Amino acid sequence: MNIAKVVVDVPAAQTNRVFDYKIPDNLTGTIYQGMRVIVPFGPRKIMGYVLEITDHSDLDPLKVKEIIELMDITPVLTEELLDLGKWLAGHTLSFYISTFQAMLPQALKATYQKEIHRLQDSPFDNDLDKMFHGRDYLDYQEFVERKGSHKQLQQAIQDGLIEMVYQVNSKETYKKSTLISANKDALELEEVISNMSAQAKKKITILRYFQEHPEPIVKKDLIQKLHTTHATIKPLIDEGVLKEEVKEIYRNPYKDDQIERTTALPLMDQQKKVMKPIINTIDSKQHDVFLLHGVTGSGKTEVYLQSIQQVLREGKEAIVLVPEISLTPQMVNRFKGRFGSEVAVMHSALSKGERFDEWRKIQRKEVKVVVGARSAIFAPFENVGIIIIDEEHETSYKQEEHPRYHTRDVAIYRAQYHDCPVILGSATPTLESYARAKKGIYQLLAMPDRMNKTKMPTVEIVDMREELHAGNRTMFSRQLKEDIEQRIARKEQVVLFLNRRGYSTFVMCRDCGYVINCPHCDIALTYHRKNQTLKCHYCSYEEKMPPHCPDCKSETIRYFGTGTQKVEEAIQELIPEARVIRMDVDTTRRKGSHEKLLDQFGNHEADILLGTQMIAKGLDFGNVTLVGVLAADSLLHLPDFRAAEKTFQLLTQVSGRAGRHELPGEVVIQTYSPEHYSVDLAAQYDYEGFFNKEMLLRKTYQYPPFYFLTLITVSHPNQLKALEITRTISQLLIKHLSDAARILGPTPSPLTRIKDRYRFQCMVKYKNEPEQRRVLQRILAYYEKEIQKNDLLIQIDLQPYQLM
DNA sequence: AGCACGCCGACT
DNA sequence: GTCGGCGTGCTC
């Protein structure tokens with residue numbers, strides 16, 4: 001057992017395999033699969049993951065190098081996760097290294113540094129010598145920046161004067177804290193005190209403290225509590241009366257102790273009904289996928305909590321996934337409240353260090369439940385008893401970069417391994433999931449009623465075209481304005497929802513219609529009022545807002561579109577007495593500000609909560625009786641076959657924010673296409689009707705769930721070249737896939753140009769193409785060289801969510 | 001990816 | 001004759 005099979009940290013097709021390394025004697029017995037190691041690779045030193053430890057290599061023993069050192073004391077990837085990574089790489093056409101990296105927190109990613117070390121004290125007489133500044137090493141980066149001569153460098157290496165040293169580091173850091181405790185019991189301390197000089201007042205106070213509180217205390221806290229300093233504690237430690245120990249502590253982003261503990265709530269009949277099959281599956285250690293279709297406010301979370309409780313009782317662990325956007329303090333508190341310190345929380349608002357700590361709690365089995373966004377599906381638990389995906393229809397479950405996985409697929413794969421259930425919960429399931437449930441592939445569990453039997457809010461659809469005809473040019477219909485005023489008068493609260501997508505704030509000249517576009521990408525620049533600049537969403541190009549139109553010199557150049565800022569101004573103008581809280585990316589960027597704004601709203605410090613996507617989910621304020629949707633159909637016109645589905649989901653989701661408690665709710669939806677079925681059926685809360693209607697269309701136009709999709713996007717700085725390659729790829733696909741597969745394209749991508757690269761795409765619609773992955777892999781291999789040297793980029797997305 | 005090797009044109 | 005440009009191929 002002295003050979004390790006290692007996947008190295010080089011994401012390229014040619015290195016996407018294992019390399020054999022000898023395990024040096026000093027590491028025998030301490031090295032396990034799933035550990036990170038540092039290995040020599042060509043002239044470099046890089047990080048790699050040990051996949052397997054065996055006792056033989058097919059290679060010439062002379063060619064096999066030795067592992068340099070270990071980066072971990074315990075494996076960071078379990079055997080299950082290593083296997084999952086291998087499967088996922090094949091499933092998403094990614095490199096092994098990319099899938100393994102995706103499973104671990106950022107802090108464990110290796111960083112590389114190159115240094116020039118001098119081997120002799122004697123100076124060499126050229127410019128290179130000066131760069132050392134008398135030190136014995138020089139950072140390579142510095143050498144490059146100061147335009148060092150590569151020739152001199154090479155010469156010096158040849159002459160044996162210097163050598164290149166490669167450093168491999170990992171970014172993880174541990175937060176440490178010093179604990180103080182007494183070395184003696186209360187009686188012994190009494191003796192020490194009596195022997196002390198009466199002048200040593202502070203010292204005595206400290207010892208008295210430990211007589212009463214024998215448990216260890218953080219040094220900093222002790223100093224603060226007793227108004228003393230390090231200087232008084234130190235001698236006591238030296239005398240052996242007190243002892244000091246350095247312990248690793250976790251950064252704690254949530255103050256656990258402030259969260260009120262809760263116990264299981266009594267269940268309503270419909271909750272009891274759905275719990276039964278879930279509990280059965282848990283008890284019989286079976287794998288099954290449940291689709292929990294429950295309207296907003298039907299009590300899905302309580303079902304999750306009690307299912308988890310059952311899992312914990314069996315000594316197993318639970319993974320709960322929620323969309324990033326709804327990972328609000330309210331949500332987190334519900335889990336912390338029920339399971340206390342058994343919960344780890346993982347999401348992007350945490351710092352790298354905090355996320356690493358949460359991950360380590362899981363790795364060390366110090367917690368039993370993880371609540372997190374997409375990547376938490378890779379939690380290194382070894383005894384998973386349930387996986388819950390809340391709001392399963394959310395698009396954020398699909399990773400849009402390599403590896404392009406869907407969380408649902410990974411969840412089901414892991415649940416199969418662990419023989420445990422998966423619960424997909426949603427008020428508006430994806431057509432894919434609902435269709436599978438109807439076919440019996442998933443088990444459908446329905447919760448059609450709201451808790452406390454509160455009625456779903458009444459929904460009014462307002463046709464904005466009529467408003468325009470009636471001479472109302474504001475963004476608020478007369479009805480919405482009236483309703484808002486009424487709520488404010490009644491001291492009730494209002495949530496206003498603005499869907500920003502498709503309505504970004506572009507700049508247009510009112511005289512000639514000229515729109516300012518990004519010079520590198522094919523989209524309009526977005527206006528940022530803060531510093532009067534125009535920014536590109538895709539390449540972060542930036543320019544100053546021009547005082548007049550670049551085309552016709554007219555000064556009537558204005559920003560268009562409806563941003564939350566603009567809506568806020570409009571409300572103030574229309575209803576001056578309204579107190580408004582605005583929630584968008586700008587106002588919630590700072591850590592904790594999200595929470596703070598919601599608290600303010602919860603305390604009725606404002607009448608109106610105005611926001612984008614992020615307020616559509618999970619908010620639960622009893623005093624909200626009106627929800628206004630300002631532009632319901634802005635999503636409908638995106639080039640996306642899921643546009644109707646997304647609109648339906650969003651409207652349903654938003655409507656659920658109103659009237660959750662005693663007070664009845666009302667929803668006003670403003671739209672330019674009131675007759676569209678997704679708007680109309682959402683207003684009637686008719687999921688089934690929407691499902692049937694949409695399924696019919698999907699069937700006609702051959703989209704999921706009737707067909708699978710593969711989207712191939714080719715981009716290249718040369719437009720013709722991009723088109724040509726896309727055409728070749730479609731022809732190859734036509735040739736090698738079955739006749740039943742439909743290959744569309746090449747067509748220009750909806751975003752024709754990003755960062756000066758032209759984009760074309762090709763789409764495959766198919767039902768069953770077992771050869772497809774292999775064909776695509778061959779296509780990638782065929783273009784490998786061009787991908788490396790030229791600027792060719794080929795993106796392959798199996799089951800894409802975003803068609804852009 | 002990065003790095004060495006090697007082949008070619010442009011220059012002291 | 002030599003320097004440095006980049007295309008080619010390899011990394012246990």
Side-chain angles (χ1 to χ4, degrees), chain A residues 1-25 27-28 31 33 35-71 86 89 93-102 109-117 126-128 139-141 143-145 147-160 162-170 401-403 717 721 780-795:
Chain A
M1 303 306 260
N2 64 338
I3 298 290
K5 306 261 179 198
V6 175
V7 166
V8 294
D9 185 15
V10 181
Q14 286 161 305
T15 51
N16 190 34
R17 58 192 177 90
V18 289
F19 288 83
D20 292 358
Y21 286 91
K22 272 194 209 107
I23 300 170
D25 291 344
L27 295 182
T28 337
I31 186 163
Q33 59 175 180
M35 280 183 174
R36 296 174 304 155
V37 288
I38 298 174
V39 290
F41 197 64
R44 305 182 278 159
K45 247 168 77 176
I46 55 173
M47 188 274 288
Y49 293 101
V50 178
L51 289 206
E52 205 185 322
I53 292 176
T54 59
D55 48 13
H56 100 284
S57 165
D58 293 334
L59 274 118
D60 174 357
L62 292 171
K63 283 184 84 176
V64 183
K65 295 185 186 173
E66 283 195 342
I67 288 174
I68 296 170
E69 58 178 301
L70 299 182
M71 290 181 83
K86 283 187 255 178
L93 297 179
S94 310
F95 303 128
Y96 296 118
I97 191 72
S98 318
T99 57
F100 294 138
Q101 302 277 46
K109 236 186 123 181
T111 55
Y112 300 100
Q113 223 180 328
K114 225 164 101 182
E115 289 167 355
I116 305 165
H117 283 228
N126 57 28
D127 307 337
L128 191 59
D139 197 273
Y140 183 74
Q141 203 59 41
F143 169 80
V144 172
E145 273 160 27
K147 308 237 184 306
S149 153
H150 287 264
K151 209 182 138 196
Q152 284 178 3
L153 185 64
Q154 260 168 1
Q155 192 60 49
I157 292 170
Q158 243 170 43
D159 295 348
I162 57 171
E163 65 170 349
M164 299 301 296
V165 173
Y166 296 82
Q167 302 278 12
V168 184
N169 289 307
S170 184
E401 60 206 48
H402 272 124
K721 190 101 190 170
L780 281 178
Y782 177 76
Y783 284 108
E784 172 68 16
K785 279 188 193 121
E786 276 194 84
I787 291 171
Q788 261 189 56
K789 65 177 179 195
N790 275 337
D791 278 310
L792 176 64
L793 213 78
I794 301 176
Q795 285 175 0

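These figures come from a predicted structure and were not determined experimentally. Convention: sequence-line order gives letters A, B, ...; per-chain numbering from 1.
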**Q.** Short side-chain N/O contact to C/dC12 OP1/OP2 from A/Lys65, under 4.0 Å
**A.** yes
**Q.** Selected nucleotide, minimal atom distance to A/Lys114 side chain, candidates B/dC3, C/dC12, C/dC10
**A.** B/dC3
(Q) Tell me the interatomic distance from A/Gln14, atom CD, to B/dG2, atom P, rounded to whole angstroms. (A) 14 Å
**Q.** Over 12 foreign heavy atoms within 6.0 Å of CG, A/Asp55
**A.** yes
Q | Atom-pair distance (CD on A/Gln154; P on C/dG4), nearest Å | A | 9 Å
Q: Just call it for A/Phe41: base, sugar-phosphate, or nothing, with non-hydrogen atoms closer than 4.0 Å on any strand.
A: base
Q. Would you find more than 12 non-hydrogen atoms of other residues, nucleotides or ligands less than 6.0 Å from A/Tyr782 atom OH?
A. no
Q.
Measuring from the side chain of A/Val64 (C-beta onward, heavy atoms only), which nucleotide among B/dC3, C/dC12, B/dA1 has the closest atom?
A. C/dC12
Q: In whole angstrom, give the distance that lies between atom OH of A/Tyr112 and atom C1' of C/dT11.
A: 14 Å
Q. Nearest-Å distance, CG (A/Leu59) to P (C/dC12)?
A. 10 Å
Q: Flag yes if more than 12 heavy atoms outside A/Lys109 fall under 6.0 Å of its NZ atom; otherwise flag no.
A: no
Q) Testing A/Glu115, A/Gln113, A/Lys114, A/Lys45 for side chain to side chain donor-acceptor pair (under 3.5 Å) with A/Gln167, which one passes? A) A/Glu115
(Q) From CZ of A/Arg44 over to P of B/dA1, roughly how many Å is that when rounded to an integer? (A) 10 Å
**Q.** A/Glu784 CD to C/dT8 P, straight-line distance once rounded to whole Å
**A.** 14 Å
Q) Side chain of A/Pro43: nearest nucleotide among B/dA1, B/dC3, C/dC12? A) B/dC3
Q: Check whether any side-chain heavy atom of A/Val6 sits under 4.5 Å from a side-chain heavy atom of A/Tyr49, and report yes or no.
A: no
Q) Where the side chain of A/Asp20 is defined as all heavy atoms beyond and including C-beta, which of C/dC12, C/dT11, B/dC3 is the nearest nucleotide? A) C/dC12
Q. Which part of the nucleic acid, if any, lies within contact of A/Tyr166, taking any heavy atom under 4.0 Å across all strands shown: a base, the sugar-phosphate backbone alone, or nothing?
A. sugar-phosphate
Q: Take atom CD1 of A/Ile46 and atom C1' of B/dA1, then tell me their distance rounded to the nearest Å.
A: 9 Å
Q: Could you state the atom-to-atom distance from NZ of A/Lys45 to P of B/dG2 in whole Å?
A: 16 Å
